Protein chains: 2
Amino acid sequence: MSLHDQLRAVALAEFATAGYAATSLQRIAVLAGTSKASVLYHFASKEQLLAEIVSPALDDLEQLILPIEGTGGLRRADFVERFVDLLLLHSQVVPLVINQGATLDDVPVMHRATELMRRVAELFRPASGSTIEKLRFGVAFGGVAYTLAAADRLGLNGEIPIDEVRSALLEILHDLLVPADTRTA
Amino acid sequence: MSLHDQLRAVALAEFATAGYAATSLQRIAVLAGTSKASVLYHFASKEQLLAEIVSPALDDLEQLILPIEGTGGLRRADFVERFVDLLLLHSQVVPLVINQGATLDDVPVMHRATELMRRVAELFRPASGSTIEKLRFGVAFGGVAYTLAAADRLGLNGEIPIDEVRSALLEILHDLLVPADTRTA
DNA sequence: CACCGTACTGACCGATCGGCCAGTGCTCTG
DNA sequence: CAGAGCACTGGCCGATCGGTCAGTACGGTG
């Protein structure tokens with residue numbers, strides 16, 4: 001693995017666990033076995049390092065929702081499954097965005113993350129505008145993302161196999177999001 | 001309102017929205033119309049300011065779960081209702097703990113917060129140890145807390161009356177947490 | 001009046017932050 | 001061999017951080 005990639009990996013882990021503001025370039029450098037100056041050689045700034053870390057996940061999410069927004073067609077069950085897979089694929093980025101998105105929304109890449117989540121919410125909006133449906137959506141996606149982010153801290157996970165997590169999350173989201181009428185139909 | 005209380009209020013709002021690390025004592029002072037030195041006159045340190053802000057909510061939570069841990073008796077529906085009321089009562093503290101608990105667990109008061117949430121999780125543990133039940137709990141409480149924390153950002157709330165939020169959250173949590181057998185019984 | 005505790009301030013401290021820059025090897029190429 | 005270019009570094013910069021401290025204004029109290 002190139003130093004560039006290793007710096008990205010180290011920074012991701014630190015940003016996700018300790019927080020962006022609390023992680024200094026110095027610390028990232030030491031953990032990767034190099035100097036602070038070399039970090040800034042590979043990445044123009046701390047913000048751009050963050051952007052390079054987060055962007056791939058956001059690109060994937062955008063690619064997931066763009067065609068849906070275009071056609072207006074959305075089969076919730078399909079979307080939920082692909083969304084969960086996306087969260088699991090970028091499982092380290094999820095806590096970063098979830099826990100620190102609000103704090104860092106002046107950083108362009110994090111603002112983009114918030115905006116994307118808002119668009120995901122919009123996808124579910126037209127079908128049901130009642131308060132409980134809105135909250136149902138918030139609890140569902142916030143809950144899944146937060147659970148992935150905080151599983152260790154709450155002592156929720158031993159070494160649960162990822163397949164089991166996947167199917168469990170799908171079932172929970174299905175209960176919460178797929179309307180009862182299409183469920184029974 | 002005394003300056004002491006006003007500083008607490010300003011700091012809470014800033015910590016919750018901008019983040020603990022990103023909020024300087026200088027900024028708190030200016031927002032409260034005083035000097036940084038006076039903030040440190042009222043609070044021995046930035047950490048203690050945080051502790052004074054968060055502790056009351058944690059005390060309430062501890063008072064809620066202590067008798068349950070003692071007797072071992074837990075009627076889930078009752079607990080869920082009281083827990084939601086507690087979250088709504090301390091709605092500004094919730095995002096602070098949720099979003100920044102992991103980042104700040106070296107701060108004693110935030111470690112206490114995480115520990116309390118772990119104990120809440122333990123209350124639900126013995127009844128059902130399967131993976132899906134654990135995740136169900138995580139999604140439920142994480143989701144509710146996160147929804148309260150991030151409602152604005154995701155465009156989920158207009159001016160939804162709090163009673164409506166309360167009953168909606170109760171219904172969602174009930175669906176997720178109260179076991180099907182006691183539901184149908 | 002003298003005295004005291006409370007509230008508060010401006011100036012300063014060392015530490016650390018993100019970022020910049022001149023310089024140094026090292027490798028590849030003509 | 002000369003030289004261009006990439007990878008990397010130590011040292012420095014200004015800014016800002018949390019925190020300390022000596023000093024001040026002031027409303028009681030004897």
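Lettering of chains follows the sequences in order, A, B, ..., and the numbering in each one begins at 1. Given the structure is predicted, the values throughout are model-derived calculations rather than measurements.
- What separates CZ of A:Arg27 from C1' of C:dC17 is a distance of 15 Å, to the nearest Å.
- Between A:Tyr146 and B:Phe141, the distance separating the two ring centers is not shorter than 6.0 angstrom.
- Within 4.0 Å of A:Leu25, counting heavy atoms only, lie sugar-phosphate atoms of the nucleic acid but no base atom.
- In this entry the distance linking CG of A:Asp5 with C1' of D:dA7 reads 15 Å, nearest Å.
- Salt bridge present: A:Asp175 and B:Arg136 bring a charged side-chain N and a carboxylate O closer than 4.0 Å.
- The residue B:Ser38 sits close to a base: some heavy atom pair falls under 4.0 Å.
- Nucleic acid contact for A:Thr23: sugar-phosphate only, since backbone atoms but no base atoms lie under 4.0 Å from a heavy atom of the residue.
- Remark: A:Arg8 engages A:Asp5 in a salt bridge, criterion side-chain N to carboxylate O under 4.0 Å.
- Put simply, A:Thr34 has a side-chain N or O that comes within less than 4.0 Å of OP1 or OP2 on D:dT9.
- B:Tyr41 does not carry B:Lys36 over the face of its six-membered ring by the limits of under 6.0 Å from the centre and within 45° of the normal.
- Between B:Glu14 atom CD and D:dG18 atom P there is a gap of 13 Å when expressed in whole angstrom units.
- In this structure, B:Gln48 atom CD and D:dG18 atom P are separated by 15 Å, rounded to whole Å.
- Looking at which nucleotide of DNA chain D each of B:Glu47 and A:His4 is closest to, the 5′-most match is held by A:His4.
- Salt bridge status for A:Arg118 with A:Glu115: present, with a side-chain N to carboxylate O gap under 4.0 Å.
- One can place CD of A:Gln6 at 15 Å from C1' of D:dA7, the figure rounded to the nearest angstrom.
- Checked by distance alone, B:Lys46 brings no side-chain donor or acceptor within 3.5 Å of a matching partner on the base of D:dG19.
- Comparing B:His42 and A:Ala44 by the nucleotide of DNA chain C that holds the closest heavy atom to each, the one mapping nearer the 5' end is B:His42.
- Here D:dG18 presents its C1' atom at 14 Å from CG of B:Leu50, a figure rounded to the nearest Å.
- Listed nucleotides C:dG19, D:dT20, D:dC8 differ in distance to A:Lys36; the shortest reach to its side chain belongs to C:dG19.
- Summarising the geometry, the separation between CG on B:Leu40 and C1' on C:dC8 is reported as 12 Å, rounded to the nearest angstrom.
- For the pair A:Ser24 and C:dC17, the criterion of a side-chain N or O lying under 4.0 Å from OP1 or OP2 is met.
- Taking only side-chain atoms of B:Tyr41, from C-beta outward, the nucleotide of D:dT9, C:dT6, D:dC21 with the closest atom is C:dT6.
- Atom pair A:Gln26:CD and C:dA15:P shows a separation of 15 Å (rounding to whole Å applied).
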